[in-house]
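See structure below.
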Amino acid sequence: MAIKHFLQISDFTRDEFDHVIERTAVIKRKFKNYEPYHPLTDRTLVMVFEKNSTRTRLSFEAGMHQLGGAAIYLNTRDSQLGRGEPVEDAAQVMSRMCDIIMVRTFGHEIIERFAAHSRVPVINGLTNEHHPCQVLADVFTFIEHRGAIDGKTVAWIGDANNMLYSWLQAAKLFNFHLNVATPKGYPIDMSLVAAGNSSYTVFDNPADACADAHLVTTDVWTSMGFEEENAERLKAFDGFIVDAAKMARAQPDALFMHCLPAHRGEEVSADVIDGPQSVVWDEAENRLHVQKALLEYLVLGKVD
């Protein structure tokens with residue numbers, strides 16, 4: 001049987017996502033009820049970090065332990081990947097010693113090369129181009145709070161970054177519409193958008209993008225690796241803060257999400273992120289649960 005990887009949202013079918021989302025709800029319920037669930041006893045996850053992280057490491061490491069398995073953390077200081085060993089060779093060696101691998105790295109082609117030479121499933125913990133685990137957690141969080149996301153409208157306000165490209169893929173797969181507002185000079189890279197994807201509309205005015213949205217979401221204006229552009233970006237993104245006025249354009253029961261860490265007063269106002277429409281803490285926790293469901297599916301296949 002071919003090895004299944006999760007490198008971007010488009011790697012899974014809707015049927016696979018429906019299964020993972022259903023399993024996420026079951027696994028989360030067990031966690032909340034202190035009910036032990038150890039389907040991955042004696043299985044090992046290797047986590048390779050070329051980019052630092054708080055939530056990604058914590059959610060994968062804790063999740064693997066909660067499933068009864070073991071998690072091993074490697075960063076570029078600890079592994080030959082950071083000292084010039086070909087990615088292909090590292091993948092061959094690591095995948096002979098574990099059951100599943102999570103990689104958080106820079107260019108997406110790095111993780112594609114790694115997966116192509118791995119004997120076990122590979123999960124994308126983040127690349128410059130895609131952040132599928134976070135968007136899957138966001139979709140699950142919406143479903144948990146509001147029911148099916150099919151037919152709904154999601155507003156993305158801010159940078160054309162890895163989160164946006166995963167949201168664009170999710171819109172097509174989950175049958176919702178994405179309203180996108182990015183500042184001048186920071187447009188969507190069309191080479192990262194599948195031909196024929198008509199599930200989104202681009203707006204110049206971020207407030208207009210929020211109109212009638214069921215979910216408004218954003219991210220920091222300066223992603224990791226672009227810190228030298230911070231001052232320039234603060235000027236370009238002026239007016240793109242998700243504030244109460246923009247949320248008022250959305251549906252009355254619209255949710256607000258942010259993948260965190262957040263900068264109050266920049267991309268989101270404090271009264272929005274700390275307000276009653278914000279579900280950012282549920283969203284953050286749900287990384288743990290969707291990733292446990294992903295680990296279960298990729299290692300064991302469909303579990304009833």
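A salt bridge does not link Glu296 to Lys292: none of the charged side-chain nitrogens sits closer than 4.0 Å to a carboxylate oxygen. Asp212 has no carboxylate O lying under 4.0 Å from a charged side-chain N of Arg249, or vice versa, which leaves the two without a salt bridge. Comment: Arg104 does not engage Glu50 in a salt bridge, judged by the lack of any side-chain N to carboxylate O separation of less than 4.0 angstrom. Using a cutoff of 4.0 Å between basic side-chain nitrogens and carboxylate oxygens, Glu283 and Arg55 are not scored as salt-bridged.
The shortest side-chain heavy-atom distance between Leu300 and Pro39 falls under the 4.5 Å cut-off.
The side-chain contact (heavy atoms from CB on, under 4.5 Å) test applied to Asp189 returns Tyr165, Ser191, Leu192, not counting sequence neighbours. By the side-chain contact (heavy atoms from CB on, under 4.5 Å) test, Asp11 is found to be paired with Leu7, Gln8, residues two or more places apart in sequence or in another chain being considered. A search for side chain to side chain donor-acceptor pair (under 3.5 Å) contacts involving Thr153 returns nothing, not counting sequence neighbours. With sequence neighbours excluded, the residues forming a side chain to side chain donor-acceptor pair (under 3.5 Å) with Asp18 are Arg14, listed by chain and number. Taking the salt bridge (charged side-chain N to carboxylate O under 4.0 Å, His left out) definition, one finds that Arg29 meets it with nothing, sequence neighbours left out. Under the side-chain contact (heavy atoms from CB on, under 4.5 Å) criterion, Gln277 pairs with Met247, Ala254, not counting sequence neighbours. Among residues two or more places apart in sequence or in another chain, the side-chain contact (heavy atoms from CB on, under 4.5 Å) test is passed with Val299 by Leu40, Arg43, Ile100. Evaluation of the side chain to side chain donor-acceptor pair (under 3.5 Å) rule for Glu267 yields His258 as partners, not counting sequence neighbours.
Panel note: side chain Lys152, backbone Ala148; a donor-acceptor pair is recorded below 3.5 Å. Proximity of a side-chain donor or acceptor of Thr218 to a complementary backbone N or O of Ile157 within less than 3.5 Å is detected. Looking only at distances, a side-chain donor or acceptor of Ser59 sits under 3.5 Å from a matching main-chain atom of Thr56.
Side chains of Asn162 and Asn128: no donor on one and acceptor on the other come within 3.5 Å.
For the residue pair Ala236 and Pro183, the shortest heavy atom distance occurs at O-CB, 3.4 Å. Heavy-atom minimum distance, Ala213 versus Ala250: O-CB, 3.4 Å. Of all heavy-atom pairs between Ala209 and Ala181, the closest is CB-CB, 3.9 Å. Residues Leu260 and Ala284 come closest through the heavy atom pair CD1-CB, 4.2 Å.
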Applying side chain to side chain donor-acceptor pair (under 3.5 Å) to Gln92 and Arg96, what does each step give before you reach the verdict? CA-CA 7 Å; Gln92 295 248 29; Arg96 286 170 178 257; 4.7 Å; no
Check: Where do Lys302 and Asp15 land on the salt bridge (Lys or Arg N to Asp or Glu O under 4.0 Å) test, with the steps shown first?
Finding: CA-CA 11 Å; Lys302 284 192 174 179; Asp15 180 63; 2.7 Å; yes
* To do: Please report the C-alpha distance between Phe114 and Val122 in whole Å, then the side-chain angles of each, then the deciding distance to 0.1 Å, and finally whether the side chain to side chain contact (heavy atoms under 4.5 Å, CB included) criterion is met.
  => CA-CA 8 Å; Phe114 191 100; Val122 176; 4.0 Å; yes
For side chain to side chain contact (heavy atoms under 4.5 Å, CB included), just list the numbers for Leu295 and Leu45, CA-CA rounded to whole Å, side-chain angles, deciding distance to a tenth of an Å, and then say yes or no.
CA-CA 9 Å; Leu295 290 165; Leu45 164 70; 4.3 Å; yes
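Atom-to-atom distance recorded for Met47:CE and Tyr73:OH is 8.0 Å, nearest 0.5 angstrom. Interatomic distance, CZ of Arg287 versus CG of Asp282, reported as 15.0 Å (0.5 Å rounding). Rounded to the nearest 0.5 Å, atoms CG (Leu234) and NE2 (His263) are 10.0 Å apart. In this structure, Asp150 CG and Phe174 CZ are separated by 8.5 Å, a value rounded to the nearest 0.5 Å. Atoms CD1 and CZ, from Ile123 and Phe6 in turn, are 8.0 Å apart once rounded to the nearest 0.5 Å.
Ring planes of His19 and Tyr297: tilted class, angle from 30 to 60°. The aromatic rings of His130 and His108 sit perpendicular to each other, their planes meeting at more than 60°, with 30° as the lower class boundary.
By the rule that hydrophobic residues join a cluster once side-chain heavy atoms approach within less than 4.5 Å of another member, Leu255 and Trp281 end up as members of separate clusters. Under the 4.5 Å side-chain heavy-atom criterion for Ile, Leu, Val, Met, Phe, Trp and Tyr, Trp221 and Val216 are members of the same hydrophobic cluster.
Tyr37 has its ring centre no less than 6.0 Å from the ring centre of Phe31.
Sorted by first and then second residue, the side-chain hydrogen bond (donor to acceptor under 3.5 Å, both in side chains) pairs with a member in residues 175-185 read His177-Thr201; sequence neighbours excluded. The side-chain hydrogen bond (donor to acceptor under 3.5 Å, both in side chains) analysis of residues 237-246, with sequence neighbours excluded, yields no pairs. Listed by first and then second residue, the salt bridge (charged side-chain N to carboxylate O under 4.0 Å, His left out) pairs involving residues 60-69 are Arg57-Glu61 (not counting sequence neighbours).
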Please list every donor-acceptor pair under 3.5 Å in which a side-chain atom of residues 136-144 meets a protein atom from a residue at least two apart or in another chain.
from   : atom 1 : to     : atom 2 : distance (Å)
Asp138 : OD1    : Gln134 : NE2    : 2.8
Thr141 : OG1    : Ala137 : O      : 2.7
Thr141 : OG1    : Asn286 : ND2    : 2.9
Glu144 : OE1    : Lys28  : NZ     : 3.3
Glu144 : OE1    : Asn286 : ND2    : 3.1
Glu144 : OE2    : Lys28  : NZ     : 2.7

